[in-house]
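Notes for the one structure printed next.
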Amino acid sequence: MNYNKIITVDLYYRMMEKTILLLALGLFTKSHSQQNKLVFFDNLINKNWQAEGNWTDGSKFKQEIEFQYSLDSILVLAKAKGFTNKEQTAYGERNHGIRKYDSKSDTVRFWEFDVFGGVTEGSVTTKGKDIIYSYKYGETTVTDYWEYVDANTYNFTVGDYIDGNWEQTYLSTQFTAAKRPDMAFTFDHQSLIVTNLMKTGDFYKEVFNFKEIEHPEKKPGFRWFNMYGNTQLHLIKKDVIEFKKDKSIHLCLAVENLEKFIDHLIVKDIDFYDWPGNKGSVTDRADGVKQIYIQDPEGYWIEINTTKH
């Protein structure tokens, strides 16, 4: 027996394990570091911030902004509503923005894309709990200053902020977080009882591209899937008394391109129906939404439609 060879192979695998561990630790450290750099956004996340006022030129200011973390909290996404025409008569989705820590410059950068095709780029800094945006506007460096008042209020000032002093202001107003009901709910998951766990789980993975996630207790007889965002589908294997799977009891999923999804079903030889039950047909609802229905291997009905969210 070649003991030298065994020792060499064993040493090789130990080195590989150590290398993989260091890489994993490095990736975790990098992600964790980026998350820490954005922690000052925590108070803004998942709230609807609203403000109204007047610019110094007399034009109106009205805005609603919602912030959320994305990609394991290494990005902050911002969606803002505001006036979408120069006449200030149309109000709707106006800006989509990104905030991200840039390790090369050791700064938090932001990009704001507006409905007119423009892009504003700059940096974000903090002073205590205040959040300070700086960006170029023509030849001027403009500051958007979010001054913390309390958890649901920020004084908001736009102007020329130099060495801690306002040389000129263009807007002064206040952002407040819209109050939410004491009992506000979000959809978490749907559970289905199944008899063939593997076949049904593979159906949802292959047809809808749901990502399988681990059961927290790693118990047998369960398959969990992430559907969208934080919503989940839980399949539970049990011997149950058969009951009629009526189409009125169904899971509903929305898709942008229904025709493409139908082609996907045809390739996989999966039948689809309209609401009355006609095979290979699509229902056109009165509101313009198109919908079809399919069944999973257990017979549960699933609606797929084109509702915009």
Side-chain angles (χ1 to χ4, degrees), residues 24 27 31 68-75 77 79 93 96 185-309:
L27 288 172
S31 174
Q68 64 180 21
Y69 285 122
S70 183
L71 298 181
D72 196 25
S73 299
I74 66 172
L75 296 180
L77 305 182
K79 293 184 178 181
E93 296 285 343
H96 282 186
F185 297 94
T186 56
F187 183 80
D188 183 74
H189 74 271
Q190 176 165 338
S191 294
L192 297 177
I193 296 173
V194 301
T195 55
N196 193 324
L197 188 62
M198 293 305 296
K199 185 177 180 180
T200 307
D202 290 347
F203 172 86
Y204 283 99
K205 183 188 289 187
E206 295 171 7
V207 175
F208 297 106
N209 200 31
F210 289 167
K211 180 182 178 182
E212 188 160 6
I213 56 178
E214 193 173 59
H215 186 282
E217 298 176 6
K218 300 180 182 179
K219 289 183 177 179
F222 294 87
R223 291 185 75 178
W224 285 18
F225 297 87
N226 180 262
M227 294 194 292
Y228 177 78
N230 294 318
T231 61
Q232 299 175 4
L233 174 68
H234 297 173
L235 302 182
I236 306 169
K237 186 180 187 311
K238 286 188 177 180
D239 295 325
V240 295
I241 299 174
E242 181 64 28
F243 67 94
K244 184 179 179 181
K245 273 87 170 183
D246 192 278
K247 194 191 299 179
S248 297
I249 304 171
H250 60 263
L251 171 69
C252 182
L253 304 168
V255 68
E256 290 186 6
N257 192 329
L258 184 60
E259 290 183 3
K260 185 176 180 180
F261 183 74
I262 288 175
D263 291 339
H264 175 61
L265 294 177
I266 293 172
V267 168
K268 291 192 168 294
D269 198 27
I270 297 172
D271 295 331
F272 64 93
Y273 305 83
D274 61 11
W275 174 248
N278 299 307
K279 184 177 177 180
S281 296
V282 178
T283 293
D284 289 299
R285 285 191 343 207
D287 58 1
V289 171
K290 296 181 181 296
Q291 59 189 172
I292 61 171
Y293 295 83
I294 66 174
Q295 287 181 289
D296 73 9
E298 297 285 330
Y300 289 108
W301 285 96
I302 307 160
E303 175 186 343
I304 300 95
N305 67 32
T306 59
T307 301
K308 301 293 182 184
H309 291 277

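For the single chain, residues carry numbers from 1 onward in sequence order. All values derive from a computational prediction rather than experimental measurement.
The OH atom of Y293 sits 7.0 Å away from atom NZ of K247, with the distance rounded to the nearest 0.5 Å. Note: M227 CE to F210 CZ = 5.5 Å, rounded to the nearest 0.5 Å. Rounding to the nearest 0.5 Å places NE2 of H189 at 11.0 Å from OG1 of T231. Atom CG of residue N226 and atom CG of residue N209 lie 11.0 Å apart, to the nearest 0.5 angstrom. Expressed to the nearest 0.5 Å, how far CD1 of I262 lies from CD1 of I292 amounts to 4.5 Å. Going from atom OG of S191 over to atom CG of L233 covers 7.5 Å, rounded to the nearest 0.5 Å.
At least one side-chain heavy atom of L192 sits under 4.5 Å from a side-chain heavy atom of D296. At a threshold of 4.5 Å between non-hydrogen side-chain atoms, the residues F203 and L235 do not count as touching. Two residues are said to be in side-chain contact when any heavy atoms from C-beta on lie closer than 4.5 Å; R223 and D202 meet this criterion.
Scanning for salt bridge (charged side-chain N to carboxylate O under 4.0 Å, His left out) contacts around K237 gives an empty result, with sequence neighbours left out.
Between the S73 side chain and the Y69 main chain, no donor and acceptor come within less than 3.5 Å of each other. For the pair W301 (side chain) and S248 (backbone), a donor-acceptor distance under 3.5 Å is absent. With hydrogens and angles disregarded, no donor-acceptor distance shorter than 3.5 Å links the side chain of E298 to the backbone of I193. Listed for the H215 side chain is no donor-acceptor partner under 3.5 Å among the backbone atoms of P220.
Checked against K290 for a side chain to side chain donor-acceptor pair (under 3.5 Å), the options N305, T307, D284 give a single hit: D284. Of the candidates I304, T283, T306, Q291 forms a side chain to side chain contact (heavy atoms under 4.5 Å, CB included) with just one, namely T283.
Counting heavy-atom neighbours within 6.0 Å of K245 NZ, excluding the residue itself, gives a total above 12.
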Donor-acceptor pairs are to be reported for all side-chain atoms of residues 267-275 against protein atoms at under 3.5 Å, with residues two or more places apart or in another chain.
{"unit_1": "D274", "atom_1": "OD1", "unit_2": "G277", "atom_2": "N", "d": "2.9"}
{"unit_1": "D274", "atom_1": "OD1", "unit_2": "N278", "atom_2": "N", "d": "2.7"}
{"unit_1": "D274", "atom_1": "OD2", "unit_2": "N278", "atom_2": "ND2", "d": "3.1"}

Side chains of residues 251-261: which donor-acceptor pairs under 3.5 Å do they make with residues two or more places apart or in other chains?
{"unit_1": "N257", "atom_1": "OD1", "unit_2": "E259", "atom_2": "N", "d": "3.3"}
{"unit_1": "N257", "atom_1": "OD1", "unit_2": "K260", "atom_2": "N", "d": "2.9"}

